[in-house]
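All values reported here derive from a predicted model rather than from experimental measurement. We number each residue from 1, following the sequence as shown. All ligand and atom numbering here is 1-based and tracks the order in the structure.
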Amino acid sequence: MQPTILVTGGTGYIGSHTTVALQQAGYRVVILDNLSNSTPAVLDAIAQITGVKPEFTQGDVRDRATLDMLFDAYKIAAVLHFAGLKAVGESTEKPLAYYDNNVHGSVQLLSAMQRAGLKSFVFSSSATVYGDPQKLPLTEDHPRSATNPYGHTKLVVEDILENLYRSEAGWRIARLRYFNPVGAHTSGLIGEAPQGVPNNLMPYVAQVATGRRPKVQVFGSDYNTADGTGVRDYIHVMDLALGHVKALQSCLQSEQDLLTVNLGTGVGYSVLDMIRAFEQASGKTIPYDLVARRPGDIAACWADTQLASQKLDWRAQKGIQEMCDDAWRWETRS
Ligand code: NAD
Ligand code: UDP
């Protein structure tokens, strides 16, 4: 019997790629998603890649009746929790929506798990919990802080998970701190599909390469970095997906555990590095303007990857050229 995994937010960007990796590793996947930022067409694309269409329930993680129904209907071995809202700017305009989706949603999910006697949980946290880095690379014991409501929801849920772990024996929890996920599945069948104007650099660059937008605005060229533009640790979304499979395996094998690990590559690239790599992938010139810094941005951020390597036997494999090649294939899909 294949273990069944509940993936919340499984039709979204990272959840869909992780569903592919889970199915390819032999797990059966049940997705719960309210489709607020994704479409059911993703399910057919996953089926095309893996040969198996994941089971799907359209519903909200805040809806306790739906959660209870799912835990009664399936013998779930673990939950991977991706569902939530993720736009930093929007979170300052609509903080209550962010606390409701991300914090209340997680509490509802964990309460339903507790009722069902299920204690294996993998959580999508973020490198944003490190705030402005005091030293690089970022190790997991770096002090945490948040400068916006989105980041604060991640801090709060991390704390809730720690409280829960200490309150009751048997919880097996992984808090995964993602750096900057980019790219798409190599098939070009699934990828990131932002609604409206992309907030993140790489989807924006991709849309400039196709001619959908005229120019990239490079936010800040006076940072204390090699070329003055912001530096980040970009990680291929399929590497990130495989990190989840390893974290899940680690949870399922342990008696109890609270694991907190970075998922990054350990290497930082600047905005201009990424634009150049995308020019190479697309064969297009990508015009850009150097403009003012974006409020709240940090200069540079990259992961210390030793703990992930030790605890999960996992390392990112794909470099920025592959990230850009795959993002371009997805962007130019017919
Ligand atoms: P996404 O928006 O593509 O996917 C999230 C999915 O959750 C969407 O399909 C959406 O419809 C669904 N969803 C949202 N609220 C829901 C709710 N209340 N009930 C049920 N479904 C709901 O985002 P993503 O990039 O795949 O991010 C997944 C997770 O990873 C999020 O928790 C995000 O905060 C975290 N994360 C993302 C990044 C990033 O750069 N993409 C970085 C760090 C952490
Ligand atoms: N960035 C940029 N132009 C954009 C979007 C982002 O110059 O249109 C820069 C941003 O200032 C940061 C990097 O690209 O240095 C990555 O930003 P993104 O929003 O993708 O991720 P973040 O690290 O902020 O979560």
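Considering Tyr178, Tyr130, Trp302 in turn, Tyr130 is the only one that fulfils the side-chain hydrogen bond (donor to acceptor under 3.5 Å, both in side chains) rule with Asn262. For the ring pair (Phe, Tyr, Trp, His ring centres under 6.0 Å) test with His244, the passing option among Phe82, Tyr27, Trp314 is Phe82; the others fail.
The protein atom (non-hydrogen) at minimum distance from atom 33 (C) of ligand 1 is Tyr150 OH, 3.7 Å. In terms of protein heavy-atom proximity, atom 2 (O) of ligand 1 is nearest to Asn37 ND2, 2.7 Å. Distance from atom 13 (N) of ligand 1 to its nearest protein heavy atom, with residue and atom name: Asn34 OD1, 3.4 Å. The nearest protein atom to atom 24 (P) of ligand 1, hydrogens excluded, is given as Lys86 NZ, 3.7 Å; this is a heavy-atom distance. The protein non-hydrogen atom at the shortest distance from atom 3 (O) of ligand 1 is Tyr13 N, 2.8 Å. Remark: minimum distance from atom 26 (O) of ligand 1 to any protein heavy atom is reached at Ile14 N, 2.8 Å. When hydrogens are left out, the protein atom nearest atom 40 (O) of ligand 1 is Pro181 CD, 3.3 Å; that is the closest non-hydrogen contact. Annotation: atom 10 (C) of ligand 1 to nearest protein heavy atom, Asp33 OD1, 3.4 Å.
For Arg294, a nitrogen or oxygen atom sits less than 3.5 Å from a nitrogen or oxygen atom of ligand 2, counting backbone and side chain alike. Of the polar atoms of Ala83, none of the N or O atoms is found under 3.5 Å from an N or O of ligand 1, judged by distance alone. The shortest N or O to N or O distance between Phe82 and ligand 1 is below 3.5 Å. Checked against a 3.5 angstrom limit, the closest N/O atoms of Leu85 and ligand 1 fall outside it. For Val61, a nitrogen or oxygen atom sits less than 3.5 Å from a nitrogen or oxygen atom of ligand 1, counting backbone and side chain alike. Considering backbone and side-chain atoms alike, Asn101 places an N or O below 3.5 Å from some N or O of ligand 1. Residue contacts with ligand 2: Leu201 is placed with a nitrogen or oxygen under 3.5 Å of a nitrogen or oxygen of the ligand (distance criterion only).
Ion pairing of Asp72 with Arg115 is present here, as a side-chain N (NZ or NE/NH1/NH2) and a carboxylate O approach within less than 4.0 Å. No salt bridge links Glu158 with Lys154; every basic N to acidic carboxylate O contact stays at or beyond 4.0 Å. Taking 4.0 Å as the cut-off between side-chain N and carboxylate O, Asp239 and Lys318 do not count as a salt-bridged pair. Ion pair Asp257/Lys311 not flagged as a salt bridge, since none of the NZ, NE, NH1 or NH2 atoms sits closer than 4.0 Å to an Asp/Glu carboxylate oxygen. The pair Lys86-Glu192 counts as a salt bridge, with a side-chain nitrogen and a carboxylate oxygen less than 4.0 angstrom apart.
Less than 4.0 angstrom separates some heavy atom of Asn199 from each of these atoms of ligand 2: 5 (C), 19 (O). Using a 4.0 Å cut-off to heavy atoms of Gly230, the atoms of ligand 2 that qualify are 15 (O). Shown in contact with Gln217 at under 4.0 Å from a heavy atom are these atoms of ligand 2, numbered in order with element: 2 (C), 3 (N), 4 (C), 7 (O), 8 (O). For ligand 2 and Asn200, the ligand atoms under 4.0 Å from any heavy atom of the residue are 18 (P), 19 (O), 20 (O), 21 (O). Near Val218, meaning under 4.0 Å from any of its heavy atoms, are these atoms of ligand 2: 7 (O).
Under the 3.5 Å distance criterion, with hydrogens and angles disregarded, no donor-acceptor pair is assigned to the side chains of Glu90 and Tyr150.
Annotation for Asp141: atom CG counts as buried by contact number, over 12 foreign heavy atoms lying within 6.0 Å. In Tyr288, the OH atom is not crowded: 12 or fewer heavy atoms of neighbouring residues, nucleotides or ligands sit closer than 6.0 Å.
The closest approach between a heavy atom of Thr8 and any atom of ligand 1 is not below 4.0 Å. Proximity of Tyr288 to ligand 2 is not established, as no heavy-atom distance is less than 4.0 Å.
Atom CE of residue Met323 and atom CE of residue Met238 lie 13.5 Å apart, to the nearest 0.5 angstrom.
Selection from Asn180, Leu290, Ile298 by nearest heavy atom to atom 21 (O) of ligand 2 gives Asn180.
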